[in-house]
Amino acid sequence: MATFPITKRGAEMLKAELHRLKTKDRPEVINAIAEARAQGDLSENAEYEAAKDRQGFIEGRIKEVEGKLAAAQVIDPAGLDAGGRIVFGATVELEDEDSGEQVTYQIVGEDEADLKHGLINVGSPIARALIGKEEGDTAEVQAPGGVRHYEVIAVRYV
């Protein structure tokens, strides 16, 4: 099984989700199935079917999260020393050369990516264009709206 990078914060989020699934969601769905069974005829019991579907989803998600945690290569961005280059976990400040708009992104794993919070997937076009760049470099990004040019203003490891 291949490993994949994830930040320390992302690993903690997956562990918290796994804990919630096992200690809260799983027992709740087991109780819902027991209650639906107590109502009698299971062939026409919509609550029973819904609870069984939910149980299947929860069990599948537990296996998925456990697998991801087992294959994760946890990287602590604060412990990185990449000599000012953009690497996985780095936080970068960029300026769009056309509009002058400044944005800040942290390059994270697939499960942590959330563009609204400035967290971009390491496999995204912008992250791939930024990897290896340094402060003062220009990155050319093939975006859906056309090619965009970003100047790297700052690189931090936090």
Side-chain angles (χ1 to χ4, degrees), residues 1-83 85-94 103-133 139-145 147-148 150 152 154-158:
M1 177 182 268
T3 62
F4 68 95
I6 189 168
T7 65
K8 192 174 176 182
R9 181 184 64 233
E12 293 302 320
M13 288 172 32
L14 282 178
K15 287 176 186 174
E17 179 184 2
L18 183 61
H19 180 75
R20 178 185 48 81
L21 286 167
K22 286 183 170 182
T23 60
K24 182 178 179 285
D25 295 353
R26 183 188 267 169
E28 284 177 359
V29 78
I30 289 171
N31 287 338
I33 290 170
E35 288 175 16
R37 273 197 174 133
Q39 294 175 8
D41 186 10
L42 298 180
S43 64
E44 296 180 16
N45 190 330
E47 288 85 12
Y48 178 76
E49 290 300 321
K52 289 296 284 182
D53 288 346
R54 176 105 174 105
Q55 182 184 35
F57 171 79
I58 289 169
E59 294 303 325
R61 184 65 184 155
I62 287 172
K63 281 187 190 248
E64 181 182 357
V65 172
E66 286 175 338
K68 286 181 179 186
L69 286 171
Q73 176 186 1
V74 180
I75 297 171
D76 183 3
L80 292 176
D81 182 17
R85 285 181 328 189
I86 299 173
V87 295
F88 179 86
T91 300
V92 295
E93 290 181 38
L94 307 171
V103 292
T104 302
Y105 295 125
Q106 181 180 18
I107 300 174
V108 297
E110 178 183 344
D111 291 306
E112 327 170 57
D114 184 356
L115 190 56
K116 290 179 184 171
H117 293 102
L119 304 172
I120 59 172
N121 181 356
V122 68
S124 69
I126 190 165
R128 288 196 318 264
L130 291 171
I131 296 290
K133 301 278 192 250
E140 187 176 288
V141 179
Q142 184 65 43
V147 177
R148 303 190 64 173
Y150 292 98
V152 179
V155 180
R156 298 187 313 273
Y157 310 105
V158 289

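We're numbering straight along the sequence, starting at 1. For the numbers below, each heavy atom of this structure counts, side chains included, while hydrogens, waters and symmetry mates do not.
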> Rounded to the nearest 0.5 Å, how far does OG1 of T23 lie from CD of E28?
Replying inline: 9.5 Å

> What is the distance from atom NZ of K52 to atom CZ of R37, rounded to the nearest 0.5 Å?
Replying inline: 6.0 Å

> Hey, which of L130, I107, V87, V108 is the one that makes side-chain contact (heavy atoms from CB on, under 4.5 Å) with V122?
Replying inline: I107

> Is there a side chain to side chain contact (heavy atoms under 4.5 Å, CB included) between L14 and L18 once you walk through the steps?
Replying inline: CA-CA 6 Å; L14 282 178; L18 183 61; over 6 Å; no

> Is the shortest heavy-atom distance from the side chain of K68 to the side chain of E17 under 4.5 Å?
Replying inline: no

>> Is it true that, when you exclude R148 itself, more than 12 heavy atoms of the residues, nucleotides or ligands shown sit nearer than 6.0 Å to its CZ?
In response: no

> In Å and rounded to the nearest 0.5 Å, what is the CZ to CG distance from R61 to L21?
Replying inline: 7.0 Å

>> When you measure from the side chain of R128 to the backbone of G123, do you find a donor-acceptor pair of N or O atoms at a distance under 3.5 Å?
In response: yes

>> If I take atom OG1 from residue T104 and atom CD from residue E93, how far apart are they, to the nearest 0.5 angstrom?
In response: 4.5 Å

>> To the nearest 0.5 Å, what is the distance between CE on M13 and CG on D114?
In response: 8.0 Å

>> Nearest 0.5 Å, please: how far is NZ in K133 from OH in Y150?
In response: 14.0 Å

> Who are the side chain to side chain contact (heavy atoms under 4.5 Å, CB included) partners of F57, not counting sequence neighbours?
Replying inline: R54

